[in-house]
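Structure record follows, encoded as structure tokens.
All figures in this text were calculated on a predicted structure; none of them were measured in a lab. Residue numbers start from 1 in every chain, and the chains themselves are labelled A, B, ... in the order their sequence lines are given, proteins ahead of strands.
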Amino acid sequence: MAQEKLLLIDGSSLAFRAFYAMYTQMDRFTTKDGLHTNAIMTFNSMLDNVVDQFKPDHILVAFDKSGGTFRTKMFSDYKAQRDAAPSEFLEQLPYIHELLDDHGIKHYALQDYEADDVIGTLAKAADARGWQTNIVTGDRDLTQLATSSTTVQVTKKGVGDLEAYTPAHVAEKFELEPKQIIDLKGLMGDTSDNYPGVTKVGEKTALKLLHQFGSIENLYANIDELKPSKMKENLVNDQANAEMSKTLATIDQAAPLTIGLDDLAYTGPDLDALRALYTKLEMRQALAHLPAATAEKQAPVHFVVLTDANLAQLPKTADPVAFELEMLEDNYHTAEQIGFFIGTTEETFVSTDVTLLTLPKVQNWLGDHQLTVFDAKRNLVAAERLGVNLPQIDFDLLLASYLLNPDQNSNDFGQIAQDHDYNLPFDEAVYGKGAKRKVPDEESLFGHFARKAQALLTLRPKLLDELKAQDQLSLFTDMELPLAKVLARMEITGIVLDSKTLQGLGDQWTSTMHVLEEKIYAEAGLKFNLNSPKQLGEVLFEKLQLPVIKKTKTGYSTSVDVLEQLRSASPIVQDILDYRTVAKLQSTYVAGLIKAVHPDHKIHTRYLQTLTQTGRLSSVDPNMQNIPARDEGKQVRRAFVPAHEGWQIFSSDYSQIELRVLAHISGDKNMQEAFKEDRDIHANTAMRIFHLDSPDEVTPDMRRQAKATNFGIVYGISDFGLAKNIGITRKQAKAFIDGYFEQYPQVHDYMDEMVKVAREQGYVETLFHRRRYLNDIHSRNFNLRSFAERTAMNTPIQGSAADIIKVAMIRMQAMLEENHLQSRMLLQVHDELIFEGPEAEMAQLAALVPKVMDSAVKLAVPLKVESHWGKTWFDAK
DNA sequence: ATCATCACG
DNA sequence: ACGTACGTGATGATT
């Protein structure tokens, strides 16, 4: 039989380390009931790490017992100087105990003794039995326990790394044996435990003495060997201290334990209990890593494999039907479709033959029922690839979950189900991840399908109730769900990319790049990797000795704002800036976009509808919302062309939508007046903050500064941020902001109000009741709290603007269909919609699109929309 | 996987 | 005294 392995954990010390390791981020880790979980989470992952690493057969976690110990009785000041543990820590301790119970790990504390003594006693017993022991602690004093079969693992900075103290390692570090560690502590004392040692003796001196004498006892027996000195005087005077300190530092290896080694057998966690605890504590990471969520360990489920012979079994029902067309990859435009399920209240029908869906019988059946899905857009696009229509999706678990709380950052079905207290294996657990992702055996796959179907039908009424309770039913039913269908249509339509045109541009940029490269190498006097900020930093700030303006945490900053300040210092700087520009265009917008073109010569982006915290969309594979719009990069837009000869690209954008939203929700009369009279809002702001009488007095520079201030206001202003942005002093920026709030007083009230609302109810809302929770609003950490406050001010503005364009998109799609136009909507870029259509329809679009967009919602100020069209996206400006 | 950088609104 | 503008995604380098 292999050697028994024992793991002893200093629970008190590790819990403390865990708490302080995440101390600065503490307020990010709280449950909705306000319980801090940072120590619990960190302790949990430390536990997983060490159990994984040492694979013990026996485990004990020892804690200090509250109240005094035999050491306090001996020396009343022992640990007396310590502050009481923070309440945020103490509230977590009971949960750490519960966590250990659920992990199946014994924990123990003994009256009058410290965790060290419990550990020391057990380690000694284990040594006697010839077991192999690892002790995990944050306290170096425990290294005195190291023996040939006991290793003391001490946490290094943070909690991730362990330093293994074997007798050999102790010898290497201190030239001492483990048992001499207590002599070391006796001489040095310990400030954290508050015992004295010998005056003026620190680690250096203590080590020297011990190398000479071996122990405190031997030192005092032979003290005459020391030449007279201040140190010797101190030693003599403090002999009692030294001896007492040594006793205090000595771990009692014969503590009267009421448990023994045989009580410590470790057989693994109670996964159901752990899952329940993790769920209760909202520990999503931990839940995700729980190995239990595999199909095998789930209760068996029933399903029927659908074939063309048993289609008649699909029952007619008025109840909701769960549906999914499953793919293992993110990109549903191209992913292999591995199967589907149709789940009714009674039975789940499954198949890997997705062509069954194309049979008229199945299509008709699907058309006759209300479908409940996870990710409507994904299913719509995938079905369309088969030529299948899903006309009646009326619930989307992913979307509903996102609206209830947008900060869920997962789109794993199992994860979302678990977030709503429904136990469903993660997709990741059933399918694997990364290179290991594959279609599982049919039994697992179909079992997973059937469980998902049940989850959908169970969670649907629950989430609908919650949406209703949060006043978000209309947001869900009338906005997000219809939008999913509109977005699916836009993604499927795609936009044609003229790769030849783009490649032509790319060739020019590539040659510019080569010229600049050579020039820069010559100026630098060496060749290096220009794309490496690290190497570039060395060249600029070490070789060329340019002044360092800013540092990043890894080295010198070489970002644009830094380089711009260095432009006059050396001609190399401008060349680097130019190189950066063309390198970016070439790699991201030429090579990158060409790589993303589908065989139909089109780009089919995917809009992420459940990602942003504000309600905006985002766009991936490729990102079509950050195509260059200014300067040379704008040429890229020439490569985006209509799908047909004689068609054009048409674009409409909201003018100043965020400031108009602000004027509306703040109710500010002065700002509303400016918009009602269609004035240039930035010039208007300039007149007000610079106290001018006429628009003629506004200089371009005043307007620029006023514009930056307007933006700053929308972002949740700070004088520092504004100062940095427009290159004025912080004092001047402060004056701008004060002036601004004087001129737009209700904007000021709005800012205060949003922060107050966030504090009182824990979240802020948009015009359409989109919600964002701001846990950090109560943080004691200035940075986190300030960030939450700015977010409270910005989110209703950015989010309401996002709501408005979403409404416009839904109406716009309907209008295109009603008017039987060939034109179609292709892209959305936050405040802008892009279409393509026959040249003959351009005039109609020019009338229709702005009308739909500016009437999407009725605000206290008008919405203004501007339109352009032309042969390419570049020309639609 | 994370960082620094830079593209967009 | 603290050290900050809001929301995103892709790239190449580095770990």
Distance check: side-chain N/O of [X] vs OP1/OP2 of [N], anything under 4.0 Å?
X        : N      : answer
A/Lys584 : C/dT11 : no
A/Thr552 : B/dC3  : no
A/Asn529 : C/dA13 : yes
A/Thr588 : B/dA7  : no
A/Arg630 : B/dG9  : yes
A/Ser786 : C/dG3  : no
A/Gln828 : B/dG9  : no
A/Arg616 : B/dC8  : no

Rounded to the Å, how far apart are [X] [atom1] and [N] [atom2]?
X        : N      : atom1 : atom2 : answer
A/Ile805 : B/dG9  : CD1   : P     : 12 Å
A/Lys551 : C/dG3  : NZ    : P     : 18 Å
A/Arg790 : C/dG3  : CZ    : C1'   : 9 Å
A/Tyr589 : C/dA10 : OH    : C1'   : 7 Å
A/Ile627 : B/dC6  : CD1   : C1'   : 13 Å
A/Arg730 : C/dC2  : CZ    : P     : 10 Å
A/Leu563 : B/dA4  : CG    : P     : 15 Å
A/Arg637 : B/dG9  : CZ    : P     : 6 Å

Ion pair A/Asp752/A/Lys756, N-O distance below 4.0 Å: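 So A/Asp752 does not pair with A/Lys756 through a salt bridge.
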A/Arg638/A/Glu632 salt bridge by N-O under 4.0 Å criterion: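 So A/Glu632 does not pair with A/Arg638 through a salt bridge.
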Qualifying residue, where the test is side-chain contact (heavy atoms from CB on, under 4.5 Å) with A/Leu483 and the options are A/Lys377, A/Gln828, A/Met809: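 With A/Leu483 as partner, A/Lys377, A/Gln828, A/Met809 yield a single side-chain contact (heavy atoms from CB on, under 4.5 Å), made by A/Met809.
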Closest listed nucleotide, where the reference is the side chain of [X] and the choices are [options]:
X        : options              : answer
A/Pro533 : B/dC8, C/dG9, B/dT5  : B/dT5
A/Lys553 : C/dT4, B/dC6, B/dC3  : B/dC3
A/Ser557 : C/dG9, B/dT5, C/dT15 : B/dT5
A/Ser532 : C/dA5, C/dA13, C/dG9 : C/dA13
A/Ala629 : B/dC8, C/dA5, C/dG3  : B/dC8
A/Val829 : B/dG9, C/dA5, C/dT11 : B/dG9
A/Asn626 : C/dT4, B/dC8, B/dG9  : B/dC8
A/Asn725 : C/dG12, C/dC2, C/dA5 : C/dA5
A/Arg772 : B/dA7, C/dG7, C/dT8  : C/dG7
A/Thr554 : C/dA13, B/dA4, B/dG9 : B/dA4

Distance-only donor-acceptor check, side chains A/Thr766 and A/Arg771, under 3.5 Å: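 Not at all, the side chains of A/Thr766 and A/Arg771 share no donor-acceptor pair under 3.5 Å.
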A/Gln586 versus A/Thr510, side-chain donor and acceptor atoms under 3.5 Å: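 There is such a pair (donor and acceptor under 3.5 Å, judged by atom type) between the side chains of A/Thr510 and A/Gln586.
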Flag if over 12 foreign heavy atoms under 6.0 Å of NZ, A/Lys602: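 Yes, because the 6.0 Å sphere around NZ of A/Lys602 holds more than 12 heavy atoms from other groups.
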Opposite nucleotide pairing with B/dG9, Watson-Crick or G-U, both atom distances under 3.5 Å: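 By the stated definition (distances under 3.5 Å), C/dC6 pairs with B/dG9.
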C/dT14: pairing nucleotide in any strand, Watson-Crick or G-U under 3.5 angstrom: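 Base-paired to B/dA1.
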A/Gln535 side-chain N/O to A/Phe528 backbone N/O, donor-acceptor pair under 3.5 Å: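 A pair under 3.5 Å: no.
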Counting any heavy atom closer than 4.0 Å, what does [X] reach on the DNA or RNA strands: base, sugar-phosphate only, or nothing?
X        : answer
A/Val620 : sugar-phosphate
A/Leu617 : nothing
A/Gln613 : sugar-phosphate
A/Gly592 : sugar-phosphate
A/Asp561 : nothing
A/Ala708 : base
A/Leu585 : nothing
A/Ile797 : nothing

Aromatic ring proximity A/Tyr744/A/Tyr740, centre distance under 6.0 Å: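 Close enough - the centres of the two rings lie under 6.0 Å apart.
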Interatomic distance at P, B/dC6 relative to C/dA1, whole Å: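 Each nucleotide's P atom is 34 Å from the other's.
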Pairwise P distance, C/dA5 and B/dT5 [rounded to whole Å]: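 Taking atom P in both B/dT5 and C/dA5, they lie 14 Å apart.
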Audit row: A/Glu742, A/Arg688, salt bridge (charged side-chain N to carboxylate O under 4.0 Å, His left out) steps and yes/no: CA-CA 9 Å; A/Glu742 220 167 86; A/Arg688 287 186 168 276; over 6 Å; no
pi-stack flag for A/Phe782 and C/dC2, centroid dist under 5.5 Å, interplanar under 30°: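 A/Phe782 vs C/dC2: stacking no.
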Polar pair under 3.5 Å, donor/acceptor by atom type, side chain A/Gln798, base C/dC6: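 Yes.
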Interface residues of residues 652-664 of chain A with DNA chain B (non-hydrogen, below 4.0 angstrom):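 The stretch gives none, as no residue of it lies under 4.0 Å from the strand.
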Residues A/Tyr332, A/Glu491; criterion side chain to side chain donor-acceptor pair (under 3.5 Å); working and verdict: CA-CA 11 Å; A/Tyr332 45 71; A/Glu491 292 179 9; 2.6 Å; yes
Step-by-step salt bridge (charged side-chain N to carboxylate O under 4.0 Å, His left out) determination, A/Lys806 to A/Asp803: CA-CA 5 Å; A/Lys806 283 179 170 180; A/Asp803 291 343; 5.7 Å; no
Comparing A/His830 and A/Ser718 on DNA chain C - which has the more 5′ nearest nucleotide: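 Between the two, 5'-proximity favours A/Ser718.
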